[in-house]
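The structure appears right after this line, and notes come after that.
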Amino acid sequence: MEALNCIGCGVLIQTDDKEQVGYTPASSLNKGEAGIVYCQRCFKLKHYNEIMDTTLTNDDFLKILQGIAKQDALVVNLIDVFDVTGTIVKGLIRHIGGNDLIVAANKIDLLPRSVNPGKVKHWLNKEVRDMGMTPLEIAVISSEKGHGIDELMTLINQYRKGRDVYIVGCTNVGKSTFINRLIRQYAGESETLITTSYFPGTTLDLIEIPLDKGSSIIDTPGIINEHQLVHYIDKKDFKIMTPKKEIKPGVYQLNANQTLYVGGLIRFDFVTGSRASFISYFSNELKIHRTKLDNAKALWENHAGTLLTPVIRDEDQLRPFKRHVFNLRDEKLDIVISGLGFITAPSGKQEVHVHAPVGVGVFIRPSIF
């Protein structure tokens, strides 16, 4: 069989082993346009929204990425503006070598419309550089809506100088959606070719899209940041916790010793401090419940998985929570739950506790707004 790659995820097509990546029935190879073949995993994801587990590990993805350091290329690092801390790839500079870098913050359409993109870009510039990255430019875009795509392409054409362009980032930042946007917007294709979904880890190998006779845009597999909540949630709950439209902030006037449950995914305790206004930024599908701190344990024991849903389970057991303690002072801060969203705390002396499933990252940062 002539070597073929899946147009959806980039993996090498094979017809021998159903349990391995790249499998497609031999009978499927003669269907459709010549050269356009989907593996069985992408076919089921594209047509039935079914996800099949893969045998590839994060080490496999890292090895693919490490090849970029050997190339002379422009690298575009996509991050999720709604989850900046959770979608920064540690050690990215090491993986890409001395190649030029542009950072593109995707999903700006999720933030409230009242937010000034210029202020977000200024905030991002400081955050990204504090994390040790020195990009040539920072762009703010929406692959879904098309916002900022023309400006980003102008930057890409300015800096690539005839070289290949690698699109890198962690899972679920929208790399494949971005590539499909470019195909539709600049190549005139109407169909979505590269597989996209709510599920992390959709792209399994390099996917090349020609830019001109000598260079290509290359989509790469997403690196798995294991501290993101998305990697622990049941697949059926992805749509609930993954925002797809503009976030509606929730404003909660809390007294000390009050608790918020975000679905059954996290518990936020306002332990000490003067009455204050906390603002939540999570998927609009998630229900937030308020209770007294004294009642929080009983509410969980009686309603986890029913009123408080979704929850994370390890087989038949609820995944235990880990408590994160923050003593806040005079700066307005975001308390970030990696892969889920954040709660903005006003300036002032406060003690807050965040209970999140074991393994999920919880961070504080200067407020994005």
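These figures come from a predicted structure and were not determined experimentally.
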Salt bridge flag under 4.0 Å for residues [X] and [Y]:
{"X": "Asp237", "Y": "Lys235", "answer": "no"}
{"X": "Lys239", "Y": "Glu285", "answer": "no"}
{"X": "Asp269", "Y": "Arg323", "answer": "no"}

Review point. Which residues pass the salt bridge (Lys or Arg N to Asp or Glu O under 4.0 Å) test with Asp109, sequence neighbours left out?
Key: none
Check your understanding: Should the pair Arg275 and Phe270 be classed as cation-pi, given the thresholds of under 6.0 Å to the six-membered ring centre and 45° from the axis?
Key -> no
Practice item. Please name all residues satisfying ring-ring contact (aromatic ring centres under 6.0 Å, His included) with His227, sequence neighbours left out, ordered by chain then number. Key: Phe363
Review point. For Phe326, which residues count as a ring-ring contact (aromatic ring centres under 6.0 Å, His included) partner, sequence neighbours excluded?
Key: none
Hey, can you pull the donor-acceptor pairs under 3.5 Å for the side chains in residues 131-141, sequence neighbours left out?
residue, atom, partner, partner atom, Å
Glu137, OE2, Tyr159, OH, 2.8

**Study point:** Contacts of Asn327 that satisfy side chain to side chain donor-acceptor pair (under 3.5 Å) - sequence neighbours left out
**Key:** none
**Study point:** Listed partners of His303 passing side chain to side chain donor-acceptor pair (under 3.5 Å), at least two apart
**Key:** none
Exercise for review: Search all heavy atoms of Ile167 against all heavy atoms of Ile179 and return the closest pair with its distance.
Suggested key: CG1-CD1, 3.7 Å
Practice item. Identify the two heavy atoms, one from Thr177 and one from Glu144, that lie closest to each other, and give their separation to 0.1 Å. Key: CG2-OE1, 4.0 Å
Practice item. Compute the centroid of each ring, for Phe369 and then for Tyr281, and state whether the two points are separated by less than 6.0 Å. Key: yes
Practice item. Evaluate the side-chain proximity of Leu260 to Leu254: yes if any heavy-atom separation is below 4.5 Å, no if none is. Key: yes
Exercise for review: State, without any angle test, whether Ser215 and Asp164 hold a side-chain donor-acceptor pair at a distance under 3.5 Å.
Suggested key: no
Review point. Does the side chain of Gln228 come under 3.5 Å of the side chain of Asp83 through a donor N or O and an acceptor N or O?
Key: yes
Review point. Under the side chain to side chain donor-acceptor pair (under 3.5 Å) criterion, do Asp330 and Ser347 qualify, and how do the steps go?
Key: CA-CA 5 Å; Asp330 297 324; Ser347 59; over 6 Å; no
